Amino acid sequence: MIEGQCLCGLVTYRYHAEIEKTIICYCKHCQRAQGSLFGWNSPLDKSKFEISSGIKFLKEYFHSPYKARVFCQECGSPIYSYRVDLPDVIRLRLGTVTSGQLPAPTEQAYLEYKPSFLHIDE
Ligand SMILES: [Zn+2]
Ligand SMILES: [Zn+2]
């Protein structure tokens, strides 16, 4: 089981399974949305994901018509994203995980935007 929360703690969640795969994405949208060098996320089975508290604080932002980025309106922490054409999958933002095992990333996307000073084992 995986548990996590936003920065202010109003939003908490549980994932009733293990995380098998993690991905780093260097695309410009992830960099802007996270305010950081990359997004670290994992595709999860939505049916096993549960917002335990604070669902009313979640806000969805559609940067494109097909993809929502969901964040805590109180503190701004990104929690997950989803695509409207893939309703069974969410992509959890792994910096919000507080307990459970997170495997090292096995995939790096948009390497053309990876800063040259950053080294992550392939
Ligand atoms: Zn929050
Ligand atoms: Zn991205």
Side-chain angles (χ1 to χ4, degrees):
M1 174 146 89
I2 301 287
E3 291 181 294
Q5 66 167 69
C6 64
L7 180 60
C8 74
L10 286 171
V11 177
T12 61
Y13 62 78
R14 281 194 190 127
Y15 184 55
H16 299 276
E18 296 306 314
I19 287 183
E20 284 154 23
K21 176 182 183 178
T22 74
I23 297 162
I24 284 178
C25 183
Y26 300 99
C27 85
K28 286 292 171 189
H29 293 166
C30 283
Q31 289 185 357
R32 288 196 189 110
Q34 318 305 311
S36 190
L37 298 173
F38 54 78
W40 187 30
N41 64 62
S42 177
L44 303 186
D45 178 348
K46 189 181 177 187
S47 67
K48 296 175 182 160
F49 183 78
E50 162 200 12
I51 298 294
S52 322
S53 68
I55 196 163
K56 71 176 182 182
F57 295 102
L58 288 178
K59 179 163 178 147
E60 298 189 348
Y61 169 69
F62 283 83
H63 183 68
S64 80
Y66 304 105
K67 184 172 178 179
R69 292 176 182 269
V70 184
F71 62 96
C72 172
Q73 313 183 54
E74 184 68 17
C75 67
S77 288
I79 307 294
Y80 64 91
S81 65
Y82 70 90
R83 290 174 53 124
V84 293
D85 55 338
L86 294 171
D88 301 330
V89 179
I90 65 163
R91 286 184 176 269
L92 184 66
R93 295 313 188 251
L94 298 174
T96 61
V97 170
T98 56
S99 75
Q101 291 296 314
L102 293 176
T106 51
E107 193 180 319
Q108 298 183 68
Y110 294 92
L111 283 166
E112 61 269 39
Y113 301 119
K114 179 180 181 177
S116 58
F117 58 78
L118 189 66
H119 299 286
I120 295 175
D121 292 340
E122 303 276 326

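Residue numbers start at 1 and run along the sequence shown. Atoms within a ligand are numbered from 1 in the order they appear, just like the ligands themselves. Owing to the predicted nature of the structure, the values given are computational and were not obtained by experimental measurement.
Draw a line from the Zn ion (ligand 1) to SG of Cys6 and another to SG of Cys72, and the angle between them is 110° (to 10°). Taking the Zn ion (ligand 2) as the corner point, the angle from Cys25 atom SG to Cys27 atom SG is about 110° (rounded to 10 degrees). Here the angle at the Zn ion (ligand 1) defined by SG in Cys8 and SG in Cys75 stands at 110°, rounded to 10 degrees.
Put simply, the residue from Arg69, Arg91, Arg93, His63 that forms a side chain to side chain donor-acceptor pair (under 3.5 Å) with Ser81 is Arg93.
Taking the six-membered ring for Trp, Phe49 and Tyr13 have ring centres closer than 6.0 Å.
Between Cys72 and Leu58 the shortest heavy-atom distance is N-CD2, 4.3 Å.
At least one N/O/S atom of Cys30, whether from backbone or side chain, sits less than 2.8 Å from the Zn ion (ligand 2).
Between Tyr113 and Tyr110, the ring-plane angle classifies as parallel under the 30° and 60° cut-offs.
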